[in-house]
Structures are given as structure tokens and as C-alpha cells.
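First up is the structure itself, then whatever we jot down about it.
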There are 2 protein chains.
Amino acid sequence: MSTAKPSSMQSQAYEFIKRKITMCEYAPNELLSEAVLQSELGFSRTPVREAIGRLEQEGLLKVFPKRGIVVSGFTISDISMIFEVRRLVEPYTLRNYGNRLDMDKIAEFSKIFHEHVNAEEYTGFYELDDQFHSTLVSVLPNEYLCDLYSRIQTQIIRLRVMSGQMIESRLQRTMAEHADIADACLEHNWERASRAMVQHLQFSEESSLATLLKGYQNASII
Amino acid sequence: MSTAKPSSMQSQAYEFIKRKITMCEYAPNELLSEAVLQSELGFSRTPVREAIGRLEQEGLLKVFPKRGIVVSGFTISDISMIFEVRRLVEPYTLRNYGNRLDMDKIAEFSKIFHEHVNAEEYTGFYELDDQFHSTLVSVLPNEYLCDLYSRIQTQIIRLRVMSGQMIESRLQRTMAEHADIADACLEHNWERASRAMVQHLQFSEESSLATLLKGYQNASII
DNA sequence: TGTATATCACTTGTATACAAGTTGTTCTGT
DNA sequence: ACAGAACAACTTGTATACAAGTGATATACA
């Protein structure tokens with residue numbers, strides 16, 4: 001997925017800043033400036049500016065002419081938009097392109113999910129979650145939808161990092177729902193897989209929303 | 001939809017180049033360079049380069065480092081990707097947000113469509129087509145999907161301009177299908193509207209593909 | 001004639017100088 | 001103490017100079 005020209009300073013700057021935003025090291029609504037980013041990277045303005053331009057277009061930065069740059073914030077409406085896209089794209093992928101999935105990989109996922117449906121904790125749970133959904137969507141042979149989904153993926157990570165640690169009940173339920181989806185895939189029952197995915201995303205959205213609201217107590221998230 | 005800061009030279013350059021690409025004045029696969037674009041605009045490199053960067057990210061240009069810039073071409077696979085997105089987004093919009101539609105506007109559209117189901121010609125047909133679909137999608141309250149659709153819209157126009165004039169049979173059939181969709185909306189029968197849209201897009205894709213293949217006789221479209 | 005090499009015209013990548021807008025502060029006058 | 005203007009420190013926008021890669025062409029040589 002990633003283009004193989006990390007050599008240019010522009011690309012380096014882009015990856016660097018994007019990573020910092022994704023990991024909330026540049027927090028939502030944080031005020032930045034070209035100067036800050038330049039000094040962190042040691043590059044001159046040109047490549048940094050071009051990276052900023054790309055990130056602005058992706059919606060991760062907002063440039064206010066002659067005023068400054070801010071990291072895009074999150075609102076409740078953002079969350080529902082993100083999950084709306086997921087509910088649209090992920091079940092669609094399963095229903096229409098599920099047969100392209102690497103069943104060995106899905107079987108491995110299934111094994112892990114079943115082994116941890118009653119687990120109290122699982123280090124690297126989020127990475128597992130990401131990898132599972134990414135694996136499913138990766139069979140989508142549509143550049144436009146893949147671009148869209150990768151934008152969404154960045155936001156998902158940001159959202160998660162913001163909202164901090166998860167609640168245990170979510171771990172078990174997510175494992176169970178993932179297992180359900182994976183098993184439906186193994187049966188080549190794409191209809192069932194798709195429905196299970198819709199339900200999983202529904203729960204996931206509610207959980208995200210609740211966690212975020214609890215953590216931030218209505219502050220600046222509205 | 002369009003941001004209201006056309007003042008900056010960067011934005012002007014972006015709009016200018018994008019328009020030329022959309023209207024195929026810069027044809028698919030045409031070789032460009034920063035120098036060409038600079039001299040056409042009279043601006044210096046910086047704003048033009050930033051515009052180029054944005055257009056590259058949108059997929060309308062491809063920059064080959066130290067070699068040049070080419071206008072993105074069209075392949076058959078592009079067409080199917082474009083219509084896949086449309087089949088995903090447009091029916092979804094009707095089914096879920098149809099009730100937000102301005103029914104007066106839809107009624108006007110319906111009137112026009114019915115009046116021309118047997119017409120031999122209709123000047124401004126394409127604009128009408130665009131406006132109808134745009135009107136429907138405009139009620140979608142999701143920034144990500146709107147961005148995606150606007151990318152698609154650019155491609156739709158490019159595709160049409162490339163393939164030149166349409167065949168008459170398409171005019172009448174399209175009018176009829178549009179009328180069907182509009183009428184379903186007027187009845188608030190979103191399920192029917194959605195199904196009619198799927199069918200319309202199916203036909204539209206086949207027609208686009210046929211027209212394009214006929215016009216270009218398999219040249220560089222593969 | 002054929003082949004390897006040097007060169008040159010062209011491309012984009014990067015650094016930097018300068019222009020111009022915005023905001024907060026400071027100073028002045030009442 | 002307060003109001004208002006001048007100013008200073010910041011911001012991004014634009015222009016331009018220079019670096020460096022690429023490919024075609026010409027040239028030297030066998």
C-alpha cells in the first residue's frame with residue numbers, strides 16, 4: 001500500500017508528521033506552525049510545506065493563512081461519520097470480495113479469537129484488531145475505496161489513542177464478535193459474515209463514543 | 001462545497017489545472033511539466049508546485065521524479081472502480097437520507113425527465129445528468145463520503161468528455177430511468193428509488209464502457 | 001560501421017530571501 | 001485609568017537560486 005519512495009525529504013516529513021498526529025503526539029486541536037515542524041525535522045521549509053499541504057488535504061491539519069496550523073480535532077459527528085464509512089465498506093467487502101480472502105490467515109485469526117474469548121487481558125489487542133480489519137479490507141480491488149479506508153484507518157487509530165485504555169468487557173465481546181466474523185468467512189458464508197460485521201461495528205461505535213465521552217467529559221469534543 | 005479562498009495563487013493554479021484536466025484540455029496520459037503549467041499561469045514555481053501536489057494526491061496527475069508529470073490515464077478497470085463507488089454510495093444515500101431531499105427540486109427534475117422520455121435530443125443533457133445525481137448525493141451528511149464522491153464526479157466528467165457525444169438511445173433510456181428514480185423519491189419509496197438507482201448505474205456503466213471502447217478502439221485504455 | 005563515453009538540455013528536489021497579513025504589546029496623549 | 005495608534009514579533013504566501021537526477025544526442029574511438 002505504501003509507496004516506495006521514502007527517500008525524498010517531503011515524504012519523510014509527511015510520514016513523520018502524520019505519525020505524530022496519528023499517535024496524538026500532536027494532539028487534536030494543538031497549535032502548530034511551519035517553524036515548529038521544520039525545527040523538529042531539520043529540513044527547510046519547502047519539503048515541510050508540501051507535507052503540510054498533503055496532510056491538510058487529508059483533513060489531518062487545518063491551515064489558517066498567516067495565522068498558523070492546527071491539528072484537526074474530533075467531534076462526535078466525526079465518530080459517526082467514521083463508523084458510517086466502516087459500516088458501508090467493510091460488510092460490502094466481505095459480501096462481494098470475501099472469496100479473495102486468504103483462508104489460512106483467517107483461520108489463524110479465528111484461532112486467536114477463540115482462545116481469548118474469556119481472557120481478562122490481551123497485550124497488543126488493538127494491533128490485532130487493526131490487523132484483522134485491515135486483512136479483510138485488503139482484498140478490496142478498488143483504489144478509491146482503499147484510499148478512503150486508509151483515511152478512516154488513521155482516524156480510527158487516533159480515536160483509540162485519544163480514548164486511552166479500553167474496558168475489559170469490550171475485550172471479550174470484541175473477541176467473540178471477531179471470532180463470529182472469522183468463522184463465517186471460513187464457512188464462505190459471506191452473508192452471515194457481513195451481518196456479523198455490521199453488528200460488530202455498531203457495538204464498536206457505541207463503545208468508542210462512550211469511552212471518548214467518559215474520558216473527555218464533554219470537553220471540546222462537541 | 002468549494003472553499004471560498006480563491007484569492008491565493010495556489011488555489012487559482014489548482015482550479016485552473018484541475019479544470020483543464022477535467023475538460024480533457026490536458027488529455028489523459030498527456031505529458032506535462034512544471035514549466036508548462038507555470039508559463040500558462042504566469043505564476044512562479046511555488047504555488048504551481050503545491051497545486052500539482054494536491055492534484056497528484058487526488059490521482060489526477062502522476063509525478064515522476066526528475067522526469068516529468070503526466071495526466072492520469074483511464075483504464076477499463078478505472079471505469080469499473082468508479083461505478084462500483086457510485087453503486088455503493090448513491091443507492092445508500094437514497095435509502096438512508098432520501099427524506100432530506102428537497103422534494104420541490106425533485107419534482108422539477110421529474111417533470112423535465114417525463115417531458116423528454118421520447119426526445120431525440122436535449123441540449124445540456126449531461127449537465128442535467130450531473131445536476132440530478134449531485135442533488136441526490138448532496139444530502140449525504142458525511143464528509144468522507146462527500147470527498148470521495150467529488151473525486152468520482154471529476155472522473156465521471158472526464159470520462160464523458162473523453163468519450164464524446166452520446167448515442168440517442170441512451171438519452172431516452174436515461175431520461176426514463178431518471179424519471180423512475182425521481183418518482184420513487186416523490187413517493188418516499190426509498191427502497192424502490194435505491195433499486196432503480198442500482199439498475200440505472202448498471203446500465204450507465206455498460207454504456208460508458210461501450211462508448212469508450214468504440215471511440216478509442218482499444219487504444220491505451222487497457 | 002558499431003560502441004562506449006562525454007556532454008548537454010531538461011526535469012524535479014531543496015534551500016532561502018523577501019513580501020505581506022495578523023495579533024498582541026507598548027507607548028502616547030488625554 | 002483609559003483609548004487609540006504605532007510598532008514588533010510572529011505567521012504563511014510567493015519568488016528565485018541552486019542542487020541533482022535523467023535521458024537523448026553528439027562525439028571519440030576501435
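So that the names make sense, note that chain A is the first sequence line, chain B the second, and so on, each numbered from 1. Given the structure is predicted, the values throughout are model-derived calculations rather than measurements.
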What is the separation between atom [atom1] on [X] and atom [atom2] on [N], rounded to the nearest whole Å?
{"X": "A/Leu61", "N": "D/dT11", "atom1": "CG", "atom2": "C1'", "value": "15 Å"}
{"X": "A/Arg67", "N": "C/dG24", "atom1": "CZ", "atom2": "P", "value": "8 Å"}
{"X": "B/Lys66", "N": "D/dT22", "atom1": "NZ", "atom2": "C1'", "value": "9 Å"}
{"X": "B/Glu34", "N": "C/dG13", "atom1": "CD", "atom2": "P", "value": "7 Å"}
{"X": "B/Met9", "N": "C/dG21", "atom1": "CE", "atom2": "P", "value": "13 Å"}
{"X": "A/Gln10", "N": "C/dA15", "atom1": "CD", "atom2": "P", "value": "12 Å"}
{"X": "B/Arg49", "N": "C/dT12", "atom1": "CZ", "atom2": "P", "value": "8 Å"}
{"X": "B/Leu31", "N": "D/dT22", "atom1": "CG", "atom2": "P", "value": "17 Å"}

Roughly how far, to the nearest 0.5 Å, is CE of A/Met81 from SG of B/Cys146?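 Reported value, rounded in 0.5 Å steps: 9.5 Å.
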
Taking DNA chain D as the partner, which of residues 37-48 of chain A come within under 4.0 angstrom of it by heavy atom?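 Listed by number, they are A/Arg45.
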
What orientation do B/His133 and B/His200 show, parallel under 30°, tilted 30 to 60°, or perpendicular over 60°?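 Parallel, since the angle between the ring planes stays under 30°.
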
Name the one of B/Phe132, B/Phe109, B/Phe203, B/Tyr122 that satisfies ring pair (Phe, Tyr, Trp, His ring centres under 6.0 Å) with B/His178?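 Considering B/Phe132, B/Phe109, B/Phe203, B/Tyr122, a ring pair (Phe, Tyr, Trp, His ring centres under 6.0 Å) with B/His178 is found only for B/Phe132.
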
What's the closest nucleotide to the side chain of B/Pro65 if the choices are C/dT12, D/dG23, D/dG13?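 Taking heavy atoms from C-beta onward, the closest nucleotide is C/dT12.
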
Of the listed nucleotides (C/dT14, D/dT14, C/dT23), which one gets closest to any side-chain atom of B/Ser8?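 Of the candidates, D/dT14 comes closest.
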
Check ion pair [X]-[Y] (N to O, under 4.0 angstrom):
{"X": "B/Arg160", "Y": "B/Asp129", "result": "no"}
{"X": "B/Glu58", "Y": "B/Lys18", "result": "yes"}
{"X": "B/Arg54", "Y": "B/Glu50", "result": "no"}

Relative to the 5' end of DNA chain D, which residue comes earlier, A/Val36 or B/Glu50, by the nucleotide with the nearest heavy atom?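 That would be A/Val36.
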
Output, in order, the C-alpha distance, side-chain angles, deciding distance and verdict of side-chain hydrogen bond (donor to acceptor under 3.5 Å, both in side chains) for A/Gln131 and A/Tyr126. CA-CA 8 Å; A/Gln131 282 169 20; A/Tyr126 286 134; over 6 Å; no

